[in-house]
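Below, chain A is the first sequence line, B the second, and so on; all start at residue 1. Remember, predicted model here, so these are calculated numbers, not experimental data.
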Amino acid sequence: MDYKTRTRIAGILFDEAVPVGNEVIVLGWIRTVRVSKNVAFVEVNDGSCMKNIQGVIGDPTAFPILEKLGTGAAVRMKGTLKPSEGKGQQYEIDVTELDLVGEADQTFPLQKKRHSFEFLREIAHLRPRTNTFGAVNRIRSKLAYAIHQYYQERGFYYIHTPIISASDCEGAGNLFRVTTHDLADVPVADGEVNWDDDFFGTEAYLTVSGQLEGELLATALGDIYTFGPTFRAENSNTSRHASEFWMIEPEMAFAELDDDMDLAEDFLKWLFQYALEQCADDMEFFDQWIARDEELRKRLEHVVNSSFERVTYTEAVEILEKSKQKFEFPVHWGADLQSEHERYLTEKKFNKPVIVYNYPDEIKAFYMRQNDDGKSVAAMDVLVPGVGEIIGGSQREERYDVLAERIVKKQIGELENYGWYLDIRRYGSVPHAGFGLGFERALMYITGMANIRDVIPFPRVPRWAKF
RNA sequence: UCCCCUGUAGCUCAGUCGGUAGAGCAGCUGACUGUUAAUCAGCGGGUCGUUGGUUCGAGUCCAACCGGGGGAGCCA
């Protein structure tokens with residue numbers, strides 16, 4: 001069979017790749033078949049877009065192959081493109097040849113009706129063939145590309161930070177260990193595991209962030225970004241946490257916190273607009289079938305055309321205190337904002353993305369730049385309705401003495417372990433800032449999908465690494 | 001890890017006061033139709049998550065464990 005010649009359905013329906021009346025060949029998977037005595041319809045989807053194309057067979061008895069065509073089967077369909085006689089589609093194919101490429105029998109799990117996302121997660125190898133996951137996977141690809149476009153067009157260099165890390169100073173949660181030790185017979189010296197004999201000659205982990213290495217490159221290339229997988233061994237069982245996720249981390253030299261916030265806001269808006277304009281068909285689907293209030297696109301359009309709300313942590317606490325809202329956890333200056341507080345700010349008070357900045361020193365990481373008030377640091381979080389924290393970033397402490405003092409004060413390890421990180425503060429140190437955007441969380445906000453496990457093809461979460 | 005909910009047919013679920021299992025959809029067969037989540041008729045389909053306990057008798061009550069969902073914490 002000839003698989004070389006074919007036209008993608010997206011090309012037929014959106015790009016007018018085939019003039020009406022011309023011959024066309026489609027290769028794809030059957031979504032539904034309707035056979036009767038005088039006419040049969042075969043709907044095929046090839047993944048190129050949301051829509052199927054309908055093949056029409058005027059004389060079903062001339063196509064005995066129809067007996068074998070069930071939902072899920074792969075087919076090659078050849079015929080003449082023509083305007084549809086029926087309602088619901090613009091074009092259809094007057095079929096002259098219909099070949100079975102790969103059979104799918106009646107045990108094919110996907111039915112011609114809606115399935116629960118919980119069920120689909122258990123058949124993650126087949127769920128890409130559904131409308132929802134087709135749309136999710138297409139938009140994921142488009143937005144990954146868009147992210148590169150955004151930074152490349154603005155002079156940021158794409159750098160690759162290590163996935164295996166021996167760094168002690170990442171300090172963002174629990175780490176997955178990387179080892180070649182025989183776990184049934186771990187070499188021990190003086191009662192402790194002997195890491196000298198391990199593969200890297202030291203303890204090694206999967207990275208929880210490329211930030212520290214990103215800072216090193218930013219202080220050479222100027223503006224950089226990373227975009228890669230990130231691993232957290234937290235026992236988090238929520239709809240917005242995954243053990244393996246993708247993160248975008250820009251880092252800018254000669255930049256301060258307001259530059260960081262400006263970049264975060266401009267970047268997110270640009271990304272939302274890109275989704276609305278370049279993924280219109282899939283976005284319409286999310287708007288209609290996934291977002292609960294069916295106002296997904298309206299909401300994104302509004303966000304693109306307005307400013308993010310920016311409040312200091314101190315102002316945020318004041319707003320919460322004055323809100324008369326009953327919170328499970330009371331607010332006071334110095335306490336970390338709870339989910340309920342963040343949700344109130346972004347969903348009720350402002351109903352749009354909110355940037356909270358200048359957090360108390362005590363609740364933030366050692367590398368964040370100390371403010372002049374002596375009690376807060378130049379950190380910022382971007383909160384969005386429905387998802388919560390989507391970006392976390394900061395201006396980095398560039399003053400050697402201050403940073404060294406913070407490492408000691410926060411008791412996060414021996415100073416000598418931070419040698420290379422401190423070195424860029426010794427040699428040509430510059431103010432710099434950056435942030436991390438959770439790619440999946442951005443996808444959740446853009447698509448309206450409620451669970452992070454449904455915006456990544458094969459999610460990794462505690463007790464689940466199948467496929 | 002903690003709190004709450006939940007697990008019954010391929011899927012989504014019902015199952016009363018403890019008395020031995022039901023519906024819709026899907027599937028199969030047939031009819032019919034420019035159909036489009038097609039329609040109509042008929043048919044088949046179950047280790048009630050697992051183990052133990054209470055009971056004459058457990059899908060139902062109790063316990064433990066396992067799975068799933070929601071929320072919290074951690075964070076992106």
Side-chain angles (χ1 to χ4, degrees), chain A residues 31-44 51-58 60 67 70-72 82-89 92 94 104-123 130-131 170-174 208-211 228-249 264 289 327-329 336-343 363-365 381-384 387-393 435-445 450-456 461-464 466:
Chain A
R31 284 297 177 82
T32 175
V33 180
R34 294 177 291 272
V35 185
S36 62
K37 201 183 292 177
N38 301 320
V39 65
F41 301 94
V42 180
E43 271 192 55
V44 176
K51 291 194 163 62
N52 307 328
I53 198 152
Q54 173 173 278
V56 185
I57 293 168
E67 298 272 312
T71 303
K82 61 170 194 174
S84 179
E85 291 173 30
K87 288 172 186 167
Q89 60 280 315
E92 60 191 20
D94 201 358
D105 68 17
Q106 57 193 303
T107 64
F108 184 64
L110 292 171
Q111 301 172 2
K112 291 181 282 188
K113 62 164 196 168
R114 291 186 84 165
H115 286 292
S116 68
F117 288 142
E118 291 81 13
F119 171 67
L120 291 173
R121 270 171 224 150
E122 292 172 12
I123 51 165
T130 62
N131 286 336
E170 293 192 341
N174 296 329
V208 296
S209 166
Q211 180 201 317
T230 306
F231 306 89
R232 304 272 167 94
E234 302 285 352
N235 191 9
S236 299
N237 294 287
T238 80
S239 54
R240 60 192 185 284
H241 287 85
S243 310
E244 176 183 291
F245 62 97
W246 286 64
M247 191 154 64
I248 300 103
E249 295 181 286
W289 297 100
F327 294 114
E328 193 185 341
F329 299 92
D336 211 348
L337 297 180
Q338 304 289 315
S339 277
E340 56 175 345
H341 305 141
E342 296 183 342
R343 273 208 311 275
I363 58 171
K364 287 293 182 183
D381 286 350
V382 180
L383 315 174
V384 298
V387 180
E389 186 176 339
I390 198 174
I391 278 179
F435 62 78
L437 168 69
F439 185 44
E440 285 76 17
R441 289 191 181 171
L443 285 170
M444 288 171 72
Y445 183 65
N451 196 308
I452 197 167
R453 292 160 221 203
D454 299 327
V455 293
I456 185 166
V461 296
R463 309 192 63 82
W464 190 262
K466 206 175 165 184

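Taking only side-chain nitrogens and oxygens, S339(A) never comes nearer than 4.0 Å to OP1 or OP2 of G71(B). Taking side-chain N and O atoms only, R240(A) has a distance below 4.0 Å to OP1 or OP2 of A72(B). Applying the 4.0 Å criterion to OP1 and OP2 of C11(B), one finds that K112(A) has every side-chain N and O outside that range. For the pair R31(A) and A37(B), the criterion of a side-chain N or O lying under 4.0 Å from OP1 or OP2 is not met. Contact annotation: R463(A) side-chain N/O to G68(B) OP1/OP2 distance is not under 4.0 Å. Between A76(B) and S209(A), no contact under 4.0 Å exists linking OP1 or OP2 to a side-chain N or O. Residue R34(A) places at least one side-chain N or O closer than 4.0 Å to OP1 or OP2 of A38(B). Note on S84(A): every side-chain N or O is 4.0 Å or more away from OP1 and OP2 of G34(B).
The shortest distance between side-chain heavy atoms of F245(A) and R232(A) falls below 4.5 Å.
Distance from the side chain of N235(A) is smallest to U1(B) among G34(B), U1(B), C75(B). Among the nucleotides G34(B), G68(B), C11(B), the one closest to the side chain of W464(A) is G68(B). For R343(A), counting side-chain heavy atoms from C-beta on, the closest listed nucleotide (A72(B), G68(B), G71(B)) is A72(B). Here the nucleotide nearest the side chain of D336(A), chosen from C75(B), G73(B), C32(B), is C75(B).
The base of C75(B) lies close enough to the side chain of R441(A) for a donor and an acceptor atom to sit less than 3.5 Å apart. A donor N or O paired with an acceptor N or O is not found under 3.5 Å between the base of G67(B) and the side-chain atoms of E122(A). The base of G67(B) lies outside donor-acceptor range of the side chain of K466(A), with no N or O pair under 3.5 Å. One donor-acceptor pair, N or O on each side, does fall under 3.5 Å between the base of G10(B) and the side chain of Q111(A). You won't find any donor-acceptor pair under 3.5 Å spanning the side chain of E43(A) and the base of U35(B), going by distance alone. Taking only distance into account, the side chain of H241(A) meets the base of C75(B) through a donor-acceptor pair shorter than 3.5 Å. Between the side chain of K113(A) and the base of C11(B), a donor-acceptor pair under 3.5 Å is found. For C75(B), the base has no donor-acceptor partner in the side chain of S236(A) [N/O atoms by modelled type, under 3.5 angstrom].
Position along RNA chain B of the nearest nucleotide to Q89(A) versus P462(A) favours Q89(A) as the more 5'-ward residue. Each of E67(A) and P109(A) lies near RNA chain B, and the nucleotide nearest P109(A) is the one positioned closer to the 5' end.
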Under the salt bridge (Lys or Arg N to Asp or Glu O under 4.0 Å) rule, what do K466(A) and E122(A) come out as? Steps first, then yes or no, please.
-> CA-CA 9 Å; K466(A) 206 175 165 184; E122(A) 292 172 12; over 6 Å; no
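The interatomic distance linking F231(A) (CZ) with C74(B) (C1') rounds to 19 Å, in whole Å. Distance, I452(A) CD1 to G71(B) P: 13 Å, rounded to whole Å. Across the protein-nucleic acid pair, L337(A) atom CG and C74(B) atom P stand 11 Å apart, rounded to whole Å. In this structure, N174(A) places its CG atom 11 Å from P of C75(B), rounding to the nearest Å. Regarding F41(A), its CZ atom lies at a distance of 16 Å from the C1' atom of A37(B), rounded to whole Å. Counting to the nearest Å, the C1' atom of C25(B) and the CD atom of Q106(A) are 16 Å from each other. In this structure, R121(A) places its CZ atom 16 Å from C1' of G7(B), rounding to the nearest Å. The interatomic distance linking E328(A) (CD) with C4(B) (P) rounds to 13 Å, in whole Å.
Residue T230(A) is out of contact with every strand shown, counting any heavy-atom pair closer than 4.0 Å. Counting any heavy atom pair closer than 4.0 Å across all strands shown, F245(A) reaches a base atom. Within the nucleic acid shown, A442(A) has no heavy atom closer than 4.0 Å to any nucleic acid atom. G86(A) comes within contact range of at least one nucleobase, with a heavy-atom separation under 4.0 Å. Counting any heavy atom pair closer than 4.0 Å across all strands shown, V35(A) reaches a base atom. Here Q211(A) lies out of heavy-atom contact (under 4.0 Å) with every strand. Counting any heavy atom pair closer than 4.0 Å across all strands shown, N451(A) reaches sugar-phosphate atoms only and no base atom.
Across all strands shown, U54(B) forms no Watson-Crick or G-U wobble pair with both distances under 3.5 Å. Pairing for A21(B) is absent, judged as Watson-Crick or G-U wobble with the two contacts each under 3.5 Å. When Watson-Crick and G-U wobble pairs are counted only if both distances are under 3.5 Å, G67(B) pairs with U6(B).
Here F439(A) does not pack flat against the base of A76(B), since the 5.5 angstrom centre distance and 30 degree tilt limits are not both met.
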